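Inspection log for the structure reproduced underneath, given as structure tokens.
Remember, predicted model here, so these are calculated numbers, not experimental data.
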Amino acid sequence: LSIQDDDEEKHSLSFLKERGGQSLFICKDCKDRKVEEQLGEALFELCIIADRDRSKYELKKQQAHRQYEISSWKRQMAETNKTEEEYRSTLLKLADNHTEAKRCRAFMASIEAAVTDTEDANDVTLLKELKAWIKEYTDEIGPFVHKQGNLGINDVWKLSELIQVNRVRRQKLLDNEPHYS
């Protein structure tokens, strides 16, 4: 805001957006009207300029918020996709474990048959211990045996539960997808 008082008779008032910049409006003493009579219009102009600047600021703020929402949504969707891929990998591991557990159980059945055919008590004891050890191992790796307190996904129930949680999360994201132009 600059005010010039060249002499006692002539006054001028101008509003610059930046120092040394172009004037947005100027009020000058003239024959018909004095600067003092133009102050109302000057204040009105200042209000218009302030409102325009505030609107630009609000628009930039809204655009930044929209960009944040979109990037956050995309990041969360990428996380659900990555989790889905991890669950597929876990599924293949559980399928391999299932195959191995089935082979071990078939082998335990063979051991049981060998126990009934063996007459030596020491051999029977050794075979029964081996069968118990194999059963413990197959229970450990078998995906259809409930496991308590283990870290990771070691049975089909835990995998199924986690898949459902991820699907619900993904559906919520899809239902709330941000749409901005």
Side-chain angles (χ1 to χ4, degrees), residues 17-19 21 46-181:
K17 188 162 185 166
E18 297 174 1
R19 284 196 186 267
L46 282 173
C47 289
I48 290 173
I49 291 167
D51 188 52
R52 188 178 329 127
D53 286 348
R54 187 181 70 249
S55 295
K56 287 178 186 177
Y57 170 77
E58 287 296 322
L59 180 62
K60 284 182 182 180
K61 186 175 160 184
Q62 287 174 356
Q63 288 171 338
H65 182 71
R66 287 178 188 150
Q67 282 302 109
Y68 172 77
E69 283 181 334
I70 290 169
S71 64
S72 175
W73 183 86
K74 285 179 180 179
R75 180 185 45 77
Q76 290 175 9
M77 281 300 288
E79 287 173 5
T80 61
N81 291 339
K82 181 180 177 194
T83 300
E84 185 82 14
E85 286 300 317
E86 290 171 2
Y87 292 160
R88 288 181 182 140
S89 175
T90 300
L91 169 68
L92 295 176
K93 178 184 169 217
L94 291 177
D96 290 344
N97 287 353
H98 176 63
T99 301
E100 187 174 342
K102 280 176 43 176
R103 287 179 57 216
C104 289
R105 286 188 185 98
F107 188 66
M108 283 191 323
S110 297
I111 291 174
E112 188 63 39
V115 166
T116 56
D117 292 343
T118 303
E119 295 177 11
D120 186 351
N122 286 337
D123 288 346
V124 168
T125 303
L126 289 174
L127 289 173
K128 286 184 178 183
E129 287 176 9
L130 178 61
K131 181 182 169 197
W133 181 83
I134 294 171
K135 180 175 181 347
E136 185 180 305
Y137 174 70
T138 54
D139 288 348
E140 184 181 315
I141 66 166
F144 293 103
V145 177
H146 282 284
K147 300 183 179 57
Q148 299 296 324
N150 287 340
L151 297 175
I153 305 169
N154 294 320
D155 61 46
V156 294
W157 293 276
K158 182 69 172 180
L159 178 62
S160 179
E161 176 187 325
L162 293 174
I163 287 171
Q164 291 307 314
V165 167
N166 195 53
R167 284 190 174 169
V168 166
R169 182 177 177 218
R170 182 179 178 81
Q171 189 59 50
K172 282 182 183 178
L173 286 169
L174 290 172
D175 291 345
N176 296 310
E177 182 177 358
H179 297 285
Y180 299 111
S181 57

(Q) To check you understand the geometry: which heavy-atom pair defines the closest contact between Gly142 and Ala101, and what is its length? (A) CA-CB, 4.1 Å

Q. Could you give all pairs that pass the side chain to side chain donor-acceptor pair (under 3.5 Å) test and reach residues 104-129, with sequence neighbours left out?
A. Glu112-Lys131

Q | Interatomic spacing from CG in Leu91 to CG in Asp96 - rounded to 0.5 Å | A | 9.5 Å

Q) Rounded to the nearest 0.5 Å, what separation is found between the CD atom of Glu140 and the CG atom of Asn154? A) 8.5 Å

Q.
Treating Ser89 as the side-chain partner and Glu85 as the backbone partner, does any N or O pair qualify as donor plus acceptor under 3.5 Å?
A. no

(Q) To the nearest 0.5 Å, what is the distance between SG on Cys104 and CD on Glu136? (A) 12.5 Å

Q. Can you tell me how far CD1 of Ile48 sits from CG of Asp53, rounded to the nearest 0.5 angstrom?
A. 12.0 Å

Q | Derivation and outcome, salt bridge (charged side-chain N to carboxylate O under 4.0 Å, His left out), residues Glu69 and Arg66 | A | CA-CA 5 Å; Glu69 283 181 334; Arg66 287 178 188 150; over 6 Å; no

Q | Student check: side-chain heavy atoms of Asn176 and Trp73 closer than 4.5 Å | A | no

Q: List the steps and the verdict of side chain to side chain contact (heavy atoms under 4.5 Å, CB included) for Arg52 and Lys56.
A: CA-CA 6 Å; Arg52 188 178 329 127; Lys56 287 178 186 177; 4.1 Å; yes

Q. Which residue pairs satisfy the ring-ring contact (aromatic ring centres under 6.0 Å, His included) criterion with at least one member in residues 112-142, sequence neighbours excluded?
A. none

Q: Mind checking the CG-OG1 spacing from Leu159 to Thr90? Nearest 0.5 Å is all I need.
A: 6.5 Å

**Q.** All pairs passing ring-ring contact (aromatic ring centres under 6.0 Å, His included) where residues 102-127 contributes a residue, at least two apart
**A.** none

Q: Mind checking ring-ring contact (aromatic ring centres under 6.0 Å, His included) for Trp157 and listing every partner two or more places apart, or none if nothing turns up?
A: His146

Q: Quick one: which residue pairs count as a side chain to side chain donor-acceptor pair (under 3.5 Å) with a foot in residues 159-175, not counting sequence neighbours?
A: Glu79-Arg169, Thr80-Arg170, Asn81-Arg170, Gln171-Asp175

Q: Give, for atom NZ of Lys158 and atom NZ of Lys147, the distance between the pair rounded to the nearest 0.5 Å.
A: 13.0 Å

Q | For Phe144, ring-ring contact (aromatic ring centres under 6.0 Å, His included) partners two or more places apart | A | His98

